[in-house]
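This report concerns only the one structure given below.
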Amino acid sequence: QVTLRESGPALVKPTQTLTLTCSFSGFSLSSSGVSVSWIRQPPGKALEWLARIDWDGDFYYKTSLKTRLSIPKDTSKNQVVLTMTNMDPVDTATYYCARGQSTGWGFDYWGQGSLVIVSS
Amino acid sequence: QSVLTQPPSASGTPGQGVTISCSGSNSNIGGNTVNWYQYLPGAAPKLVIKSDYQRPSGVPGRFSGSRSGTSASLAISGLQAEDEADYYCAVYDDSLRAVLFGGGTKLTVL
């Protein structure tokens, strides 16, 4: 059974760095074709893809956010981390991690999401 | 405003059919396959259609998808109360080099 769970702070201050952890089970990020992405949804707005890490270490970032994002993985712990620097109130959102399909850019399993509020 | 355009709402009565559209451009829907997600607040989003028309295991056969040109559609036949949710289309965009999501369609089962 594939499961993913996001964890991290519920509240961060402007200019701080956000660190979220995606802990997963039921698959291995060392298996060929496997990837994990981070996606967020600001309140009342559409979903927004942020970043992806592949089984072989390749990574991809949303172009407009690439200077602020990092997506390291710890295969031994079955975890993927998202760090986002210089947080702003507009970054307030529910952050999801999701497993990528073996081919293409679909996501077949998602976590429940972690609400992050950026406020002083 | 999303690059992918979906109607904000759709509705139908139990047993009826409903279709949700997703309009894009040559750099996304025009050249890549579309996925559809069902979202219930407080729950994890669920993939209901992958690669334009394929149903993942466990998704009822009354869900179907199609793509033509720069548009895609999600059709749900024989509506059930449990289908009431938000539905999002998603596709990779070659120009932006990112996955794009539509603005979402809130489906109400009357």
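Residues A:Tyr61 and A:Ile39 are members of separate hydrophobic clusters, defined by side-chain heavy-atom contacts under 4.5 angstrom among Ile, Leu, Val, Met, Phe, Trp and Tyr. Connection of A:Trp105 to B:Ile29 is not established within any shared hydrophobic cluster, with ILVMFWY side chains joined at heavy-atom distances below 4.5 Å, either directly or through further cluster members.
Only the backbone of A:Glu48 comes within contact range of chain B, with heavy atoms under 4.5 Å apart. With a 4.5 angstrom heavy-atom cutoff, B:Pro45 touches chain A via backbone and side-chain atoms both. For A:Leu115, no part lies near chain B; criterion is any non-hydrogen pair under 4.5 Å. Within the 4.5 angstrom heavy-atom criterion, only backbone atoms of B:Leu96 (N, CA, C, O) approach chain A.
Between B:Ala44 and A:Trp110, the shortest heavy-atom contact is CB-O, 3.5 Å. In this structure, A:Trp49 and B:Val99 approach most closely via the heavy-atom pair CB-O, 3.6 Å. When all heavy atoms of B:Tyr88 and A:Gln41 are compared, the pair lying nearest together is OH-NE2, 2.8 Å. Here the shortest heavy-atom pairing between A:Ala46 and B:Gly103 reads CB-CA, 4.0 Å.
Within the model, atoms CG of B:Leu4 and CG of A:Leu47 stand 11.5 Å from one another, a figure rounded to the nearest 0.5 Å.
Of the possible donor and acceptor atoms, none in the side chain of B:Tyr92 sits under 3.5 Å from a partner among the backbone N and O of A:Gly106.
Taking a 6.0 Å sphere around CZ of B:Arg62, one finds it holds more than 12 heavy atoms contributed by other residues, nucleotides or ligands. The number of heavy atoms from other shown groups lying within 6.0 Å of CZ (A:Arg5) does not exceed 12.
Side-chain contact between A:Phe107 and B:Lys46 is absent, with no heavy-atom pair separated by less than 4.5 Å.
Ring pair A:Tyr96/B:Tyr39 is perpendicular by interplanar angle, where above 60° counts as perpendicular and below 30° as parallel.
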